[in-house]
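Following: one structure in structure tokens, then a few remarks.
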Amino acid sequence: MKRRVSSVLRTILIIAILIVFLYPLFWMITASFKQPSEFVTKPAYALNDGFFWQNYVDAWTRGNMGTYFFNSLINTLISLVLIIICSVTISFALTKMNWKFKKLMSAYFGFGIMVPVATTLIPLAQIFQKMGLYNTRTGLILVYTASAISFSVYLITGYLRALPDEIIEAGIVDGCNVYRLMWSIVIPLMKNAIITVLVIQFFFKWNDLIYSMTFVSKSSLKTMQTGLLYFENEFGSKNWGAIFASVSISVMPMLVMYLALNKSVIEGMTTGAVKG
């Protein structure tokens with residue numbers, strides 16, 4: 001009887017938590033389809049009468065969300081490729097190779113996690129101004145990549161330490177050089193860890209506001225989050241339907257990626273947590 005009661009209470013608690021976390025998303029999506037009159041004549045929690053797609057058209061065209069979406073997508077995807085290449089190779093060198101300054105470099109990347117983002121903005125802005133990287137896509141991609149490497153190395157090294165050295169040694173005995181070893185053995189075995197880094201860094205870079213506001217002022221190079229910040233000024237007044245539509249557009253890529261890859265993310269986060 002006690003087990004049944006505890007099971008029922010646990011189920012109720014889980015349902016309550018799901019409602020608390022999912023209702024804002026549901027409310028945002030339904031509000032994005034409301035007509036302007038519905039925001040005035042009905043309470044905020046009321047469901048939409050139909051699907052008013054003009055909100056998405058206004059957000060995509062008049063609100064320039066199409067341009068901002070494209071900028072965020074290009075910046076994020078290129079940054080992710082560079083992050084994975086750098087973090088995987090660095091992690092492999094720190095965990096599976098022997099060289100003179102290995103411990104020093106490991107401490108260096110560990111220290112990079114502790115550096116607050118705000119302390120780097122002014123020096124980076126001055127450097128970018130002198131190098132001609134301010135207000136460029138290249139500058140923003142470089143910042144995205146550099147700011148993510150320390151944390152990504154931390155995650156991947158935790159996985160590689162749990163990878164048996166015998167597998168690496170067997171590949172060397174079979175005649176693999178370091179490049180063949182990485183491509184044919186290490187990367188396939190650490191697929192879940194790479195996907196975990198991809199998803200986490202995608203969320204960070206897609207939601208970035210501080211870097212994009214600091215290093216980009218051109219409207220044609222603004223990202224989704226910067227565009228959302230100044231969105232209402234595009235209409236002169238608050239078009240709530242278009243505002244909710246633009247927020248929904250910015251959330252959908254993250255939601256789709258997580259739903260598609262959440263299993264691999266969970267496996268990647270738990271790999272190496274238990275020995276044996």
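Positions are given from 1, in the same order as the sequence printed here.
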Discussion item. Closer than 3.5 angstrom, by distance alone: can the side chain of Thr136 be matched with the main-chain N or O of Leu133 as a donor-acceptor pair?
Written reply: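 Indeed, once roles are kept as given, a pair shorter than 3.5 Å links the two residues.
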
Worksheet item: Would you say the side-chain atoms of Ser106 pair up with the backbone N or O of Lys103, donor to acceptor, closer than 3.5 Å?
Response: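 Pair absent, no side-chain N/O of Ser106 close to backbone of Lys103.
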
Within a strict 4.5 Å, meaning less than it, do heavy atoms of the [X] and [Y] side chains meet?
X      : Y      : answer
Lys222 : Ser212 : no
Val216 : Thr226 : no
Tyr68  : Leu221 : no
Asn239 : Asn55  : yes
Lys205 : Ser147 : yes
Asp49  : Lys34  : no
Asn207 : Met254 : yes
Met65  : Leu228 : yes

Practice prompt. Scan side-chain atoms only and decide if Tyr144 and Asp208 contain a donor-acceptor pair under the 3.5 Å cut-off.
Written response: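 Yes.
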
Worksheet item: When you check the side-chain N and O atoms of Asn48 and Thr30, is any donor under 3.5 Å from an acceptor?
Response: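 There is no such pair (donor and acceptor under 3.5 Å, judged by atom type) between the side chains of Asn48 and Thr30.
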
Worksheet item: Does a sphere of radius 6.0 Å around CE in Met131 hold more than 12 heavy atoms from other residues, nucleotides or ligands, not counting ones at 6.0 Å or beyond?
Response: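 Atom CE in Met131 is not packed in, count stays at 12 or less.
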
Worksheet item: Just wondering, more than 12 heavy atoms not from Phe203 lying within 6.0 Å of its CZ?
Response: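 Correct, the count exceeds 12.
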
Fill in: Phe33 ring center within less than 6.0 Å of Tyr56 ring center
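Centroid separation for Tyr56 and Phe33: below 6.0 Å.
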
Discussion item. Ring centres under 6.0 Å, that's the criterion: do Phe215 and Phe128 meet it?
Written reply: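 They qualify: ring centres under 6.0 Å apart.
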
According to the interplanar angle, ranging from 0 to 90°, do the rings of [X] and [Y] count as parallel (below 30°), tilted (30 to 60°) or perpendicular (above 60°)?
X      : Y     : value
Tyr23  : Phe26 : tilted
Trp60  : Phe69 : tilted
Phe244 : Phe39 : parallel

Worksheet entry | side chain to side chain contact (heavy atoms under 4.5 Å, CB included) between Met224 and Asn71, intermediate numbers included | CA-CA 8 Å; Met224 282 293 294; Asn71 290 336; over 6 Å; no

